[in-house]
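To keep things clear, I will list the structure first and then write my remarks on it.
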Amino acid sequence: KAGVTQTPRYLIKTRGQQVTLSCSPISGHRSVSWYQQTPGQGLQFLFEYFSETQRNKGNFPGRFSGRQFSNSRSEMNVSTLELGDSALYLCASSLNRDRYNEQFFGPGTRLTVL
Amino acid sequence: GDSVTQMEGPVTLSEEAFLTINCTYTATGYPSLFWYVQYPGEGLQLLLKATKADDKGSNKGFEATYRKETTSFHLEKGSVQVSDSAVYFCALRPMYSGGGADGLTFGKGTHLIIQP
């Protein structure tokens, strides 16, 4: 079974631009979560999608948004990029929203904002 | 809010040494607890988990016991190998969804270096 895939793997943008990252979950998984990883703040939860609806959201500004499609694939969007948005963005999928279930992580998208 | 505290390291050990990475947490209710490992250039992989008090998670020689009384989930391995070199993250997921964020809450990560 294929794992979680994220595209693109690397991205370079300039301040003020917007960016869209994509995540394809493991087949059959319906929950997709997004995390931001930086050296200073570590791993932080962005949001979770299930059945095309955002179920939970972390403490991030409204510039960070996402969506989920009927096939469970998910995208996240960051508008008006800031230097501090440079990070590794990780997507994780799980079978459902049961908190006992493992979240399977993708390799991440490395975003650099210049 | 919920939080996880773990030693950040780097922790440097010789091959075949005994490993302990401490993890303590603050959370309401009874969270599920996890250890994830991240190898260079890769995403996170689940190493082990425990979902209730006194549960012991184990995998690939690593073990951790959910201690409710001390709010701890320390990671141990009896004999480490060079291939265990990686960053290890302790994480929790709350049991109650109060409408706020209930994604995984991670510690800062512990960089483990095993020397031959």
Side-chain angles (χ1 to χ4, degrees), chain A residues 2-7 9-10 21 23-26 29 31-50 53-60 64 66 74 76 87-110, chain B residues 1-10 23 25 27-53 55 57-59 66 86-111:
Chain A
V4 178
T5 57
Q6 293 187 244
T7 57
R9 291 293 309 277
Y10 301 91
L21 313 181
C23 171
S24 293
I26 292 171
H29 285 196
S31 172
V32 174
S33 297
W34 288 89
Y35 295 84
Q36 181 195 65
Q37 185 176 23
T38 60
Q41 298 300 315
L43 280 152
Q44 294 183 285
F45 170 69
L46 279 157
F47 29 63
E48 177 192 10
Y49 284 86
F50 181 80
T53 302
Q54 186 180 93
R55 301 294 175 159
N56 290 292
K57 185 171 167 51
N59 188 25
F60 280 83
F64 292 82
S74 176
M76 69 163 279
L88 180 67
Y89 289 89
L90 293 165
C91 166
S93 77
S94 60
L95 198 58
N96 51 42
R97 298 197 68 231
D98 189 326
R99 60 201 68 251
Y100 304 125
N101 283 340
E102 175 183 355
Q103 292 193 344
F104 292 82
F105 283 80
T109 294
R110 173 76 62 185
Chain B
D2 298 341
S3 66
V4 175
T5 303
Q6 64 179 110
M7 57 205 315
E8 293 186 36
C23 170
Y25 68 89
T28 55
Y30 297 88
S32 294
L33 301 175
F34 305 85
W35 275 101
Y36 280 87
V37 59
Q38 187 174 36
Y39 298 99
E42 298 184 14
L44 299 171
Q45 299 175 26
L46 179 69
L47 187 58
L48 52 84
K49 70 177 183 181
T51 58
K52 62 182 187 295
D55 263 2
S58 61
N59 185 29
Y66 190 145
V87 180
Y88 292 80
F89 293 91
C90 185
L92 69 82
R93 193 160 195 199
M95 183 173 183
Y96 301 109
S97 178
D102 69 353
L104 289 165
T105 297
F106 287 91
K108 292 288 191 182
T110 300
H111 186 195

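Convention: sequence-line order gives letters A, B, ...; per-chain numbering from 1.
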Part of [X] within contact of chain B (heavy atom distance under 4.5 Å):
X: A/Glu48; value: side chain
X: A/Arg9; value: side chain
X: A/Phe104; value: neither
X: A/Leu88; value: side chain

| request: Using side chain to side chain donor-acceptor pair (under 3.5 Å) as the criterion, list what pairs up with A/Gln54, not counting sequence neighbours. | output: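 By the side chain to side chain donor-acceptor pair (under 3.5 Å) rule, A/Gln54 matches A/Tyr49.
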| query | Who are the side chain to side chain donor-acceptor pair (under 3.5 Å) partners of B/Tyr36, not counting sequence neighbours? | reply |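 Testing B/Tyr36 for side chain to side chain donor-acceptor pair (under 3.5 Å), a comparison that skips the adjacent residues, returns none.
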Looking only at non-hydrogen atoms, find the nearest pair between [X] and [Y] and report the distance.
X: A/Asn101; Y: B/Lys49; answer: CA-NZ, 4.3 Å
X: B/Arg93; Y: A/Asp98; answer: NH1-O, 4.3 Å
X: B/Leu104; Y: A/Phe105; answer: CD1-CZ, 4.1 Å

| Does B/Lys108 use its side chain to pair, donor to acceptor, with the backbone of A/Leu43 at less than 3.5 Å? |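 No, the answer is negative, given that no donor and acceptor are paired below the 3.5 Å cut-off.
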| query | Given that the side chain runs from C-beta out, which part of B/Gln38 has a heavy atom under 4.5 Å from chain A: side chain, backbone, both or neither? | reply |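 Only the side chain of B/Gln38 comes within 4.5 Å of chain A.
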| Most chain B-contacting option - heavy-atom pairs closer than 4.5 Å, from A/Gln6, A/Gln44, A/Gln103 |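 Heavy-atom pairs under 4.5 Å are most numerous for A/Gln103.
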| said: To the closest 0.5 Å, what do you measure between CD (A/Gln37) and CZ (B/Phe106)? | reply: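 With rounding to 0.5 Å, CD (A/Gln37) is 8.5 Å from CZ (B/Phe106).
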